[in-house]
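The structure under discussion appears below in the form of structure tokens.
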Amino acid sequence: MNSQEEIYRFWEEKEYFKADPSNSKKPYSILMPPPNLTGELHLGHAMQHSILDALARFKRMQGYDVLLLPGVDHAGIQFEGTFNKLLAKEGLSKYKLGREEWLKRAWEFRDEVYKSFHNVWTVMGISADWDREVFALDEKIQKAVLEEFKIFWEQDLLYKGAYIVQWCPKCGTAIEDVEMEYQERKEKLYFVKYNLVDSDEYITIATARPETIFADVAIAIYPNHPKYSKFTGKKVVNPFTKKEIPVIEDKKVKTDFGTGALKITPGHDLLDYEIGRDNGLEIMHAVGKDGKMTDLAGDLSGLKAQEARVKSEEKLKELSALEKIEDYSHSVPVCERCKTTVEPLISEEWYVKMKPLAEKALKNISKVNFIPSNYLDIISKWLNEIHDWSISRTLWWGHRIPVWYCETCNPSHEVGKDKDMLISFEKPKEKCKNCQGSNWVQDEQVLDTWFSSGMWPFATLGWPGKTKELERYSPWNFEISAPEIRYLWIARMIMLSLWFTDKIPFENMFFHGMLRDLQGRKFSKSLGNGIDPNELRNEWGTDSLRMSLYTYSAPGRDGKTSKQVMGERCKNFRNFGTKLKNIYRFIVELKPEGAKSNLEISHEDDQEINKKLNETIKEVTKNLENFNFHLATENVYNFVWHEFADSYIEKTKKRRADAQPVLEHILTETLKLLHPFMPFTTEEIYQKMPQHKESIMIETWPH
RNA sequence: GGAUCCGUAGCUCAGUUGGUUAGAGCGUUGCAUUGACAUUGCAGAGGUCAGUGGUUCGAGUCCACUCGGAUCCACCA
């Protein structure tokens with residue numbers, strides 16, 4: 001049994017990875033953060049999974065019934081983005097294919113990605129319970145999502161409200177924040193005069209988007225504005241449409257930007273939308289979803305927004321409505337794919353009221369042990385300032401919103417307990433109460449990815465069922481995450497777990513640092529600075545890569561690295577592996593004739609090395625208990641190389657035959673200590689030791 | 001704009017509740033070695049712990065500010 005594949009297959013055949021809820025051991029549960037289904041696992045995943053695996057192996061050896069639960073997240077937006085890019089290469093698009101065909105191909109792509117994930121996990125030696133693996137779109141999770149949605153609805157926590165959608169006119173779709181880039185641009189700030197009806201007086205407002213004047217429905221000023229309050233209640237003339245629009249007061253207007261007066265365009269700005277809503281104003285769109293001016297724009301209709309801006313400037317000049325133009329540099333959101341400036345549009349989205357959930361979370365959050373501990377404050381602070389959660393996404397990949405509208409009675413898809421709509425996973429069998437028909441149409445949108453992954457700690461264990469697993473393994477003993485999703489994911493798991501199960505999701509929440517490039521930048525596809533873990537692993541071996549990653553795993557600490565730096569570190573640990581094999585060779589293969597066989601620690605040197613071994617065992621154990629993987633690996637590394645090899649083994653060369661049992665003993669104990677970190681090398685050597693059990697995996701942790 | 005984190009040897013990183021001469025790996029310098037060693041061993045050089053001020057008998061560690069780097073959230077007409 002030499003090759004990694006053989007060893008891994010052996011472990012799997014022996015079913016060492018499987019949790020056993022029915023056995024009498026104490027449980028220890030570890031939840032793998034489901035990686036995004038986006039094509040490949042990067043170095044950060046390799047680090048996470050190496051940490052989880054080390055902990056799982058350690059706890060198994062300590063005698064626990066370990067559940068390391070694997071899973072994959074469907075990652076709505078990211079997956080759809082990645083997949084659509086692939087389709088684009090074939091000259092296809094989601095719209096060309098249609099929802100059904102697109103979904104069929106998406107699932108095929110999912111299967112491909114799955115294969116590559118499993119290949120990586122196998123070669124990395126990850127000892128997860130694969131039979132329990134969960135995918136975020138599995139039926140199990142669908143059931144939980146439906147239940148979650150239903151409960152929220154019954155508790156009056158769901159509503160539909162306005163949301164500003166960033167619309168890419170070129171791609172013809174709403175895009176998410178993560179799909180946007182910000183470009184610092186020098187633009188112009190136009191100061192436009194709005195004349196009062198039947199008067200020479202006017203109000204000046206500042207705008208960066210004069211083309212939207214066509215959709216202006218009011219001018220708003222801060223209450224009791226020194227200059228403009230005398231105009232409150234009067235009307236001004238929209239310079240383009242000549243419509244008379246009211247001057248209103250609203251506290252949301254800022255006094256320290258522009259002129260202190262604001263044109264209200266509810267169709268194109270969230271703040272304007274809110275002010276408009278509060279004042280019962282109409283919503284109009286001057287720019288349509290194609291990025292072109294609507295009919296509202298008169299002679300400018302049909303032009304692109306950017307062209308219309310130039311024309312608008314001319315028009316304003318002609319009308320003598322332009323007071324001045326200032327240079328204005330601000331960051332403009334553009335579409336990551338096509339670099340088109342995105343158009344903000346207002347649309348109706350589903351929301352969850354978060355206040356009650358946050359309050360319950362805050363009462364219980366101190367039961368979670370955050371590593372590092374300052375994350376308790378960081379997350380608590382965020383929970384204190386919680387805002388409602390927009391959960392609908394204009395995508396096809398995800399859990400479809402389980403709401404059905406009666407197309408006959410409720411064609412505009414209004415939402416409310418008194419409206420003609422139902423919550424159901426499948427098309428409702430019941431009739432519409434109003435028309436007695438069954439003309440049900442499902443909500444087009446899907447749910448935010450975090451709506452399902454926020455339930456990961458309990459949905460994966462069978463909730464809303466009352467399962468044995470839920471009882472035994474939750475709260476999870478250990479969860480790990482990158483710090484960047486502490487609010488998006490971690491905070492939500494805490495809120496949702498407490499809300500639906502009355503339990504904290506996990507007892508220990510470990511935040512690792514972010515791996516970055518040498519300049520401190522995040523790894524990203526667009527920068528092309530990523531490091532392929534497969535390359536490193538192929539060159540230096542799994543165990544070397546794992547060891548390198550543990551050195552970067554200090555809680556909450558970022559690590560700068562590069563392919564070269566990682567390579568050097570891997571090389572170092574490759575040499576360490578070689579050292580270990582040579583120690584074995586010296587002790588076992590080059591065993592002298594007449595070597596003693598009874599273990600007796602009596603010689604001064606023997607006692608010394610045994611003492612150091614015991615110290616090392618204590619340190620490694622303590623550091624693993626405290627999740628200091630970087631220190632634990634350092635402890636054992638120093639012991640093996642410097643205490644055991646350089647010092648003790650050198651000394652025994654004079655009394656080789658006598659020392660034989662001690663040498664074998666120390667080596668065996670050392671292999672056990674190293675096994676969580678270097679599973680393959682240790683198993684390979686262990687199997688060749690004169691005395692050994694079936695596998696090092698089922699050995700008892702030294703104590 | 002709000003919040004948070006980081007800045008320790010040439011490079012990448014450790015440094016537990018403040019307590020002697022600040023550690024590791026790689027690199028570097030010298031010596032040794034065919035040794036169990038896809039080399040390895042022994043010895044050495046290298047740091048005003050970003051800066052300034054404060055608390056303290058004592059600060060890399062605690063506090064304030066400044067400079068530099070990063071992340072998340074919110075984005076202003």
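Just so we're clear, the structure is a prediction, and the values are computed from it rather than from any experiment. A note on names: the letters A, B, ... follow the listed sequences, proteins ahead of strands, and every chain is numbered from 1.
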A:Lys579 charged N/C atom sitting above A:Phe644 aromatic ring, 6.0 Å / 45°
no
Mind checking if A:Gly513 touches a base, just sugar-phosphate, or nothing, with heavy atoms under 4.0 Å?
nothing
What's A:Glu589 touching, base or sugar-phosphate or nothing? Going by heavy atoms closer than 4.0 Å.
nothing
Calculate the interatomic distance between A:Gln564 atom CD and B:C26 atom P; express it in whole Å.
15 Å
With sequence neighbours excluded, residues passing side-chain hydrogen bond (donor to acceptor under 3.5 Å, both in side chains) with A:Glu323
A:Thr204
According to a strict under-4.0 Å criterion, is A:Lys381 in side-chain N/O contact with OP1 or OP2 of B:U4?
yes
Between B:A59 and B:A43, how many Å separate the two C1' atoms, rounded to a whole number?
33 Å
In residues 623-635 of chain A, what donor-acceptor pairs under 3.5 Å come from side-chain atoms, sequence neighbours left out?
residue  : atom : partner  : partner atom : Å
A:Asn623 : ND2  : A:Glu619 : O            : 3.3
A:Asn623 : ND2  : A:Asn635 : OD1          : 2.8
A:Glu625 : OE1  : A:Lys59  : NZ           : 3.2
A:Glu625 : OE2  : A:Gln62  : NE2          : 3.1
A:Asn626 : ND2  : A:Lys622 : O            : 3.3
A:Thr633 : OG1  : A:Phe629 : O            : 3.0
A:Thr633 : OG1  : A:His630 : O            : 3.0
A:Asn635 : ND2  : A:Glu619 : OE1          : 3.4
A:Asn635 : ND2  : A:Leu631 : O            : 3.4

Thinking salt bridges, do A:Lys563 and A:Glu539 make one under a 4.0 Å N-O criterion?
no
With sequence neighbours excluded, residues passing side-chain hydrogen bond (donor to acceptor under 3.5 Å, both in side chains) with A:Glu568
A:Gln564
Under a 4.0 Å N-O cut-off, is there an ion pair linking A:Glu608 with A:Lys612?
yes
From CG of A:Leu667 over to P of B:A36, roughly how many Å is that when rounded to an integer?
17 Å
Go through residues 614-632 of chain A and report each residue with a non-hydrogen atom lying under 4.0 Å from RNA chain B, sorted by number.
A:His630, A:Leu631
Report each atom pair, protein N/O against N/O of nucleotides 42-44 of chain B, whose distance is under 3.5 angstrom.
none

Can you sort out the partners of A:Asp658 under side-chain hydrogen bond (donor to acceptor under 3.5 Å, both in side chains), two or more places apart, ordered by chain and number?
none
Whole angstrom is fine here: how far is it from CG in A:Asn374 over to C1' in B:C6?
12 Å
Contact class for A:Ile587 (heavy atom, under 4.0 Å): base, sugar-phosphate, or nothing?
nothing
Quick one: is A:Asn575 getting a side-chain N or O under 4.0 Å of the B:U40 phosphate, OP1 or OP2?
yes
For the residue pair A:Trp382 and A:Tyr487, categorise the inter-ring angle as parallel (less than 30°), tilted (30 to 60°) or perpendicular (more than 60°).
parallel
Verify whether one side chain among A:Glu349 and A:Ser392 offers a donor that lies under 3.5 Å from an acceptor in the other.
yes
Would you list the protein and nucleotides 69-72 of chain B atom pairs, both N or O, that sit under 3.5 Å from each other?
residue : atom : partner  : partner atom : Å
B:A70   : O3'  : A:Arg516 : NH1          : 3.4
B:A70   : O2'  : A:Arg516 : NH1          : 2.6
B:A70   : O2'  : A:Arg516 : NH2          : 2.4
B:C72   : OP1  : A:Lys522 : NZ           : 2.9

Same-atom distance (P) from B:A50 to B:A14, integer angstrom
14 Å
Nearest heavy-atom pair of A:Tyr375 and A:Arg486: which atoms, and what distance?
CE2-CD, 3.7 Å
Sequence neighbours excluded, the answer for salt bridge (charged side-chain N to carboxylate O under 4.0 Å, His left out) partners of A:Lys581 is none
For RNA chain B, what are the stems built from at least three Watson-Crick or G-U pairs in a row, each pair having both distances below 3.5 Å?
B:1-7 with B:67-73, B:10-13 with B:23-26, B:28-32 with B:40-44, B:50-54 with B:62-66
Do A:Lys581 and B:A36 share a donor-acceptor pair, side chain to base, under 3.5 Å?
no
Can you tell me how far P of B:C6 sits from CD1 of A:Ile378, to the nearest Å?
9 Å
Taking the P atom in each of B:U55 and B:U48, what is the distance between them to the nearest angstrom?
26 Å
If I take atom CG in residue A:Leu545 and atom P in nucleotide B:G25, what distance separates them, rounded to the nearest angstrom?
21 Å
For the residue pair A:Trp389 and A:Phe451, categorise the inter-ring angle as parallel (less than 30°), tilted (30 to 60°) or perpendicular (more than 60°).
tilted
Expressed as a whole number of angstroms, how long is the span from A:Ile583:CD1 to B:G41:C1'?
14 Å
OP1 or OP2 of B:C26 under 4.0 Å from side-chain N/O of A:Asn572
yes
Have a look at A:Lys653 and say if it touches a base, only the backbone sugar-phosphate, or nothing, with a 4.0 Å heavy-atom cut-off.
base
Would you mind telling me which of B:G41, B:A14, B:G25 lies closest to the side-chain atoms of A:Tyr637?
B:G25
Residues which pass side-chain hydrogen bond (donor to acceptor under 3.5 Å, both in side chains) with A:Thr265, listed by chain and number, not counting sequence neighbours
A:Asp216, A:Lys263
Sequence neighbours excluded - side chain to side chain donor-acceptor pair (under 3.5 Å) pairs with any residue from residues 549-558 of chain A:
A:Arg516-A:Asp558, A:Arg546-A:Tyr550, A:Thr551-A:Arg569, A:Tyr552-A:Thr561
Nucleotide nearest A:Arg569 when distance is taken to its side chain, options B:A14, B:U12, B:A36
B:U12
For A:Asp646, give me all partners under salt bridge (charged side-chain N to carboxylate O under 4.0 Å, His left out), at least two apart in sequence or on another chain.
none
A:Tyr552 has a side chain; which of B:A14, B:A36, B:U12 sits nearest to it?
B:U12
